[in-house]
Structure formats: C-alpha cells, structure tokens
There are 2 protein chains.
Amino acid sequence: MIKQSVTAEDVARRAGVSRAVVSRALSNNGSISPATRERVLLVAKELGYQVNFLAQGLNRRRSHLIGVIVSRINDPFRSSLLDGLLGEIQRHGFQALVTEIRSEQELEDTLRHFAQFRVSGVIVTSGKPPEALVNECVQQQIPVVGINRQPDIPGVDYVCSDNAAGAALAAEQLVRGGCRRFGWLNNDNSTWAGRMRGEAFRLALDELGVDTARNLVTLLAPQEGYDGGMQAASAIKSPPEGIFCANAQLACGFLDGMRQQGKDAPQDFQLIGFDNTPQTAQYGYRLTTLNQNVAEISRLALMHLLERARDPLQPSRTSWVKVDLIHRHTSLPTT
Amino acid sequence: MIKQSVTAEDVARRAGVSRAVVSRALSNNGSISPATRERVLLVAKELGYQVNFLAQGLNRRRSHLIGVIVSRINDPFRSSLLDGLLGEIQRHGFQALVTEIRSEQELEDTLRHFAQFRVSGVIVTSGKPPEALVNECVQQQIPVVGINRQPDIPGVDYVCSDNAAGAALAAEQLVRGGCRRFGWLNNDNSTWAGRMRGEAFRLALDELGVDTARNLVTLLAPQEGYDGGMQAASAIKSPPEGIFCANAQLACGFLDGMRQQGKDAPQDFQLIGFDNTPQTAQYGYRLTTLNQNVAEISRLALMHLLERARDPLQPSRTSWVKVDLIHRHTSLPTT
DNA sequence: TTGAAAGCGTTACCAA
DNA sequence: TTGGTAACGCTTTCAA
C-alpha cells in the first residue's frame with residue numbers, strides 16, 4: 001500500500017514537533033525559533049512535503065485562485081490580454097481559473113463556481129455580470145474587477161483603455177492627414193468599449209470643426225471579426241477619406257475587402273484601427289492603430305484586486321489606461 | 001454580523017434532516033427517499049446553498065479542476081488549441097487551471113501546484129515534464145496527457161496530430177504540382193512536432209522518387225514566429241520551387257518576406273504550411289495549409305484523462321489525429 | 001432510509 | 001516558543 005501523500009503530520013512526527021509548528025515554519029506566520037524552523041524546513045524538503053491547498057483554503061476561507069472570465073480567445077487582442085493577465089496572476093503567486101463563456105447564462109454559472117472555490121478575486125473581460133450576483137461576491141469578500149467594461153456596478157473596480165483619448169488621437173491624425181469625409185466602422189451589437197470609441201470619435205471630430213452630421217457616416221458590419229470587416233467593405237462603393245475602426249480584426253477585414261475591389265490605403269482612403277494586434281504590424285497590413293497597453297491593464301487589474309482584498313469596503317475605482325497611436329502605413333503623415 | 005455563506009448544516013437544519021442526507025440529496029450518492037430528496041433540494045435552492053468545492057475536494061481527495069500547461073498563447077494556433085481545450089473541459093463539468101510557462105523550471109513548479117490542488121488531470125501542451133515529477137503525479141493517481149509531445153513517458157497518454165501523414169500530403173501536393181527542388185523551413189530549436197514534420201517530409205519525398213540529398217534544402221529561421229519566417233526569406237536569393245513549412249506563423253512571415261523581394265506564391269515558388277490558423281485563410285495570404293483538428297485533439301485529450309482516472313494502471317496510449325490538406329492559393333492545382 | 005461520528009489536512013487560538 | 005484543540009465544510013462508513 002502506497003502512502004497517498006505526505007502531510008504536515010508526517011513532517012511533525014519526523015521533526016519531533018507538533019503540526020502547529022510545521023504550519024508556522026512553512027507559513028512564516030506565528031512565532032517560532034529560527035532553529036526549529038530550519039529543522040522543520042529541512043525535514044519537509046526531505047520528505048517532499050507540499051501543502052494541500054484544498055485544506056489550506058478551506059481553513060483560511062480563501063484559495064490562492066483567481067477566476068478569469070474570457071470569451072473568444074481566438075481573437076488576437078483577447079489572447080494578448082489573457083496572456084498579460086496570466087503573467088501578472090502568476091507573478092503574484094496565484095493560479096488562474098480560466099473560463100470561456102459563450103452566453104450571459106454561462107457567466108452566471110461561472111461566477112458561482114468561482115465562489116465555490118473561494119477564489120481570491122475575479123477578473124471579468126467579457127460579458128456583463130448581473131449586479132445581484134456580483135453583490136453576492138462582494139458580500140463574500142471576493143473582489144471583482146472588470147476590464148474594458150462599463151463601470152457601473154458599485155463595489156467593483158474597473159480598468160479601461162482610454163477609448164475617448166484614443167478616438168481623439170485618431171480623429172486628429174485623420175484630420176491633419178487631410179481627410180474631409182469620415183467613416184466610423186463597427187459591427188452590429190458592439191461592446192460598450194466599441195460604442196464608446198464611436199461616440200468619442202464623433203465628438204472629437206466636432207471639436208476639430210468637422211460637420212459630422214454631413215461628413216461622418218457609420219459603416220455597420222453585419223458581424224464581428226475579420227469576416228465582418230470584409231463584408232462591410234463589399235457593401236461600399238466609394239469609401240470616405242478617413243475611416244476609424246472599432247477594432248483590429250474588423251480593420252484588417254475591411255482593408256482586405258477594399259483591396260479586393262482594387263482600392264487600398266493610404267492612397268484611396270486612410271484607415272486607423274483600435275487594438276494594436278501583432279497582425280496589424282505585419283508587412284501585408286502595416287495598419288495605423290491605437291495600442292492598448294495590455295501589460296499595464298493587467299498590472300492595474302491585479303493591483304485593484306489586492307487593494308480591495310485589503311479593504312473590501314473602499315469605494316469603486318476606475319483606472320483609465322493611456323492609449324498610443326502607432327503610425328504606420330494606412331494613414332498619411334500629418335503636415 | 002453577516003453570515004459568511006450557507007453551509008450544508010444550514011440546509012439540514014431548515015429541512016429537518018442531517019448533514020449526511022443533504023450531501024446525499026445533492027450528490028445523488030447513497031440511498032435517499034425521493035420525497036426527502038425533493039424537500040432538501042427545494043430548501044437548498046431557497047437558501048441559495050452552493051457546495052464548498054474546497055471542502056468537497058479535501059474530503060474526496062480530488063478537485064473538479066484540470067490543470068492546463070500552455071505557453072505563448074499569443075500564437076494563433078496555440079490560442080485555438082487552448083480554446084478547444086477549455087470548451088471540452090467545461091463541457092465535462094471541470095474547471096481549467098491554466099498556467100503559462102516560460103521555462104522548464106516553471107513547468108516543474110506548475111506541476112507541483114497542480115498536485116497541491118488535487119487536480120483531476122493535467123494537460124501539457126508545452127515543454128517536456130521531467131519523468132520523475134510525472135511519476136509523482138502518476139503515483140497520486142493524477143492522469144497526465146501530452147498534446148503534440150514526444151510520447152516517451154510511461155503512464156502518460158498522448159494526443160498528436162499525424163505529422164507524418166501531413167508531411168506526406170504536402171510532399172505529394174508539391175510533387176504533383178510540378179516542383180523539382182524542395183525546401184523545408186523550420187526555426188532553430190524547434191519542437192519535437194516540428195522536427196518530426198521535417199523528417200517525414202524528406203521521407204515522403206524519397207518515396208516519391210525525389211533525390212533529396214540533391215534537391216531538398218533546409219531553410220533555418222533564426223527565431224520562431226512571423227519574424228523568424230521573414231528573416232529566413234531575406235536570407236534567400238532564389239527560393240526552391242516547393243517549400244514546406246513547420247508552422248503557419250513561420251509560413252506567413254516567409255511569404256511576406258519573399259513578397260518584399262518581389263517574389264510571390266504560387267508563381268515564383270509554392271508554399272505549404274502546417275497549422276491552419278485563421279490568418280492563413282485571409283485574403284492577403286490564402287495559404288495552402290495542413291489543418292490540425294483542434295476539436296478532435298481536445299476531445300481525445302479529455303477522453304484519455306477520464307479513462308485513465310477510471311483505470312490508472314492501464315498502459316500508455318497515443319492517439320494520432322488525422323490532418324487535412326486545405327488547398328488554397330500558394331500551391332498549384334495537381335494535374 | 002436515516003443519523004451519528006470519524007475523518008480529509010490545515011490553520012489559529014489559547015494555555016502552558 | 002511550543003503543543004493541544006477546535007474549527008473549516010464536506011463525504012462516507014456504520015449502526016440503528
């Protein structure tokens with residue numbers, strides 16, 4: 001019969017101390033003489049002792065898990081974001097519980113499951129959690145942070161790219177690049193971030209003196225992603241001079257769609273997309289884009305989580321992350 | 001003072017039964033009269049009772065967690081694979097513990113952490129776990145399955161795309177498409193799957209009567225990914241007629257690199273890449289590729305996990321997943 | 001069918 | 001500084 005696994009009891013016995021001392025030695029928590037500490041640690045290593053996280057979590061009412069809610073991680077921007085979050089989560093000594101959702105119902109179930117694992121925090125990168133459910137989390141002292149979500153639930157912290165500033169950069173670039181007629185490309189049923197970018201674009205153009213009622217048209221893609229952009233392009237006879245696009249996938253599809261018609265940027269139109277995905281930098285696209293600082297977004301998300309864990313009742317906070325214009329090939333140099 | 005959370009005890013009291021009965025009602029495990037079952041379930045719903053997974057796992061010595069080891073999920077193929085795995089894991093009622101590793105050391109630590117959470121299984125999509133460590137898992141009855149790894153550790157199951165068959169398809173396509181001189185493009189320090197594809201390509205050409213000693217050259221990219229492919233292209237004066245490439249990212253980079261020199265497929269050379277990533281299908285590339293069936297790979301991975309959980313001592317198995325040639329624009333029609 | 005009780009492996013409080 | 005002990009919340013014998 002094989003011993004299933006080494007427990008604190010085993011270590012205690014072998015080191016000639018009590019379980020309690022073992023716990024203290026390993027957790028640096030509670031007073032213990034340096035000598036015994038050394039000895040226990042040595043024995044623990046000898047025996048290959050590993051704390052049982054389930055037991056630890058049960059006792060502490062909190063696991064070292066952080067729940068992450070994502071969707072469609074095939075999308076390059078989303079996988080970049082997940083990448084950044086995983087790195088940050090691991091850097092802080094947590095493990096990521098990742099769930100991909102396909103509906104709001106799945107989001108609810110997931111949030112429950114996270115709670116059942118007594119996670120140390122939840123990061124929502126997709127969907128809109130119902131306020132009631134989030135309140136349950138808050139009541140259980142589980143910090144929740146939303147990324148690029150509309151900051152509207154009390155007790156939840158948010159990290160968002162500064163969409164408005166990004167849209168303004170795009171507007172300025174296009175105007176100074178000589179455009180007179182503008183287009184805003186987004187897909188139907190867009191996210192909050194997408195809609196926000198569109199509204200801010202209009203506003204920024206207004207302030208730059210553009211008569212947006214006349215000279216700004218909305219191009220609506222029938223679906224999201226590359227294919228949506230391509231379809232939007234095929235529905236157009238002659239593109240506006242300066243086009244701002246809600247995200248990179250849409251922009252790449254649109255550009256390819258126009259090329260199929262023999263039109264290209266920057267000669268026939270200028271194009272700026274949001275999200276600086278790797279693909280937009282490639283030779284075939286060299287798209288001017290707005291870069292979302294994924295590393296900074298991830299860093300702030302964890303920071304909010306940790307701070308709220310320390311003080312659960314503090315007021316909600318929203319961090320806006322600076323967005324940069326990456327000037328490439330699909331927009332003209334400003335004069 | 002707020003009640004932290006509803007426990008089985010609470011439900012038991014309210015339903016006028018014992019904790020044990022509550023457990024039976026919820027787990028469908030152990031005999032219980034339909035009437036009390038109904039009643040308990042009703043009360044549980046009323047009170048919003050949720051099983052504490054930490055306590056459950058501690059008692060059962062197994063959590064409903066499955067550990068997944070990944071790396072560089074920015075790569076479109078890898079994020080597709082992760083996507084498939086997450087779907088399959090959730091479909092079976094598990095939660096995914098995802099860790100991104102950057103070194104073999106991190107792999108070891110991760111494997112330990114997974115064990116500490118008493119995961120129901122581990123899926124390795126990157127790195128090469130040391131046999132000793134895997135044996136610890138095996139001893140703890142934790143099933144391990146490797147995806148596209150060299151199947152060489154006893155007690156571990158594997159799921160691999162049929163690289164050899166894929167390479168043979170590519171060879172045949174290129175030969176029948178009229179190529180006489182061939183190239184194999186891979187990056188330095190390639191994975192086992194990559195090397196295997198290269199060897200199989202040579203073998204297949206041999207069998208098709210090509211004098212590979214003379215007419216097959218190896219193009220070595222100095223790094224992986226798109227940039228590596230581009231660099232490989234820039235080191236070439238005149239490309240071989242038919243090029244097979246270890247993966248899609250490399251292939252896209254190579255194609256763009258050649259285009260930069262004014263050469264394009266299929267007129268100046270033919271190109272077939274492994275991994276049918278979304279990008280390869282796009283208008284700018286329309287690359288002929290070998291499709292890895294991610295859904296099937298994921299399905300089999302979970303199947304192996306579940307079967308080995310049932311019978312931990314069964315001999316290791318390796319499933320080879322069929323690969324399909326997607327004929328697109330970078331190879332000529334066969335005559 | 002039901003309930004009592006003994007774990008599962010930790011941690012934290014309280015005496016010593 | 002240490003050890004005993006009572007949780008943590010659940011599952012699973014074993015009797016009744």
Side-chain angles (χ1 to χ4, degrees), chain A residues 3-41 43-44 47-65 112-113 115-120 140-141, chain B residues 3-41 43-44 47-65 112-113 115-120 140-141:
Chain A
K3 181 82 177 83
Q4 284 292 339
S5 57
V6 183
T7 72
E9 181 78 49
D10 299 325
V11 178
R13 205 161 22 220
R14 186 91 118 81
V17 295
S18 71
R19 284 205 315 275
V21 173
V22 175
S23 174
R24 284 179 210 131
L26 276 108
S27 63
N28 272 339
N29 197 354
S31 68
I32 182 175
S33 84
T36 42
R37 209 185 97 88
E38 280 309 299
R39 187 154 43 88
V40 171
L41 255 31
V43 173
L47 265 46
Y49 169 69
Q50 304 283 125
V51 175
N52 181 327
F53 285 155
L54 263 21
Q56 182 181 70
L58 174 59
N59 189 294
R60 292 198 178 149
R61 290 167 188 70
R62 194 104 298 162
S63 66
H64 258 70
L65 258 22
R112 291 228 164 71
H113 286 146
Q116 291 182 275
F117 272 113
R118 298 293 187 268
V119 296
S120 290
Q140 292 193 41
Q141 316 258 58
Chain B
K3 180 82 178 86
Q4 283 293 338
S5 56
V6 184
T7 73
E9 181 78 50
D10 300 326
V11 178
R13 206 163 19 225
R14 185 89 119 83
V17 295
S18 71
R19 283 206 314 277
V21 173
V22 175
S23 173
R24 285 180 206 128
L26 277 109
S27 62
N28 271 340
N29 197 355
S31 68
I32 182 175
S33 83
T36 41
R37 209 186 98 88
E38 279 309 299
R39 188 154 43 89
V40 170
L41 255 31
V43 172
L47 264 47
Y49 171 68
Q50 304 283 124
V51 175
N52 180 326
F53 285 153
L54 263 20
Q56 183 181 71
L58 175 58
N59 190 293
R60 294 197 175 148
R61 288 166 192 72
R62 196 103 297 161
S63 65
H64 258 70
L65 257 24
R112 290 226 166 72
H113 286 144
Q116 292 181 276
F117 272 114
R118 299 292 188 267
V119 295
S120 290
Q140 292 192 42
Q141 316 258 59

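The structure displayed is predicted, hence computed values, not measured ones. Chain identifiers are assigned alphabetically (A, B, ...) following the order of the sequence lines, protein sequences preceding nucleic acid strands; residue numbering begins at 1 within each chain.
Residue-to-nucleotide contacts include a donor-acceptor pair under 3.5 Å from the side chain of A/Arg24 to the base of D/dG3.
Checking A/Asn52 against B/Ala20, the closest nucleotide of DNA chain C that is more toward the 5' end is the one next to B/Ala20.
Here the shortest heavy-atom pairing between B/Val6 and B/Tyr49 reads O-CD1, 3.4 Å. Shortest non-hydrogen contact noted between B/Ser5 and B/Asp10 is O-OD2, 4.0 Å. Across all their heavy atoms, A/Ser18 and A/Ala12 have their closest contact at C-CB, 3.6 Å.
The phosphate of C/dT2 has OP1 or OP2 within less than 4.0 Å of a side-chain N or O from B/Ser33. Considering only side-chain N and O atoms, A/Asn29 lies under 4.0 angstrom from the phosphate OP1 or OP2 of C/dA12.
Among the nucleotides D/dG3, C/dT1, C/dG9, the one closest to any side-chain atom of A/Ser18 is D/dG3. The side chain of B/Arg61 lies closest to C/dC8, out of D/dC10, C/dG9, C/dC8.
A/Phe53 comes within 4.0 angstrom of nothing in the nucleic acid, heavy atoms only. Within 4.0 Å of B/Ser31, counting heavy atoms only, lies at least one base atom of the nucleic acid. Across all strands, B/Ser23 comes closer than 4.0 Å to base atoms (heavy-atom distances). Within 4.0 Å (heavy atoms only), A/Thr36 reaches sugar-phosphate atoms of the nucleic acid but no base atom. Residue contacts for B/Val17: at a heavy-atom cut-off of 4.0 Å it reaches the sugar-phosphate backbone alone, with no base atom in range. Residue contacts for A/Ile32: at a heavy-atom cut-off of 4.0 Å it reaches the sugar-phosphate backbone alone, with no base atom in range. Residue contacts shown for A/Gln50 are limited to sugar-phosphate atoms, with no base heavy atom under 4.0 Å away.
Between B/Asn28 and B/Arg37 there is a side-chain heavy-atom pair separated by less than 4.5 Å.
A straight line from CD of B/Gln56 to P of D/dC10 spans 9 Å, rounded to a whole angstrom. For the pair A/Glu38 CD and D/dT2 P, the interatomic distance rounds to 13 Å; values are reported in whole Å. Remark: P of D/dT11 and CG of A/Leu58 are 12 Å apart, rounded to the nearest angstrom. With rounding to whole Å, A/Glu9 atom CD is found 11 Å from C/dT10 atom C1'. Going from atom CG of A/Leu26 over to atom P of C/dG9 covers 16 Å, rounded to whole Å. Atom CZ in B/Arg19 sits about 17 Å away from atom P in C/dT2, given to the nearest Å. The CZ atom of A/Arg62 sits 16 Å away from the C1' atom of C/dT10 (whole-angstrom rounding). Between the P atom of D/dT11 and the NE2 atom of B/His64 lies a distance of 11 Å, rounded to the nearest Å.
Using cut-offs of 30° and 60° for the angle between ring planes, the B/Phe53 and A/Phe117 rings count as tilted.
Between the side chain of B/Arg61 and the main chain of B/Asn59, a donor-acceptor pair closer than 3.5 Å is present.
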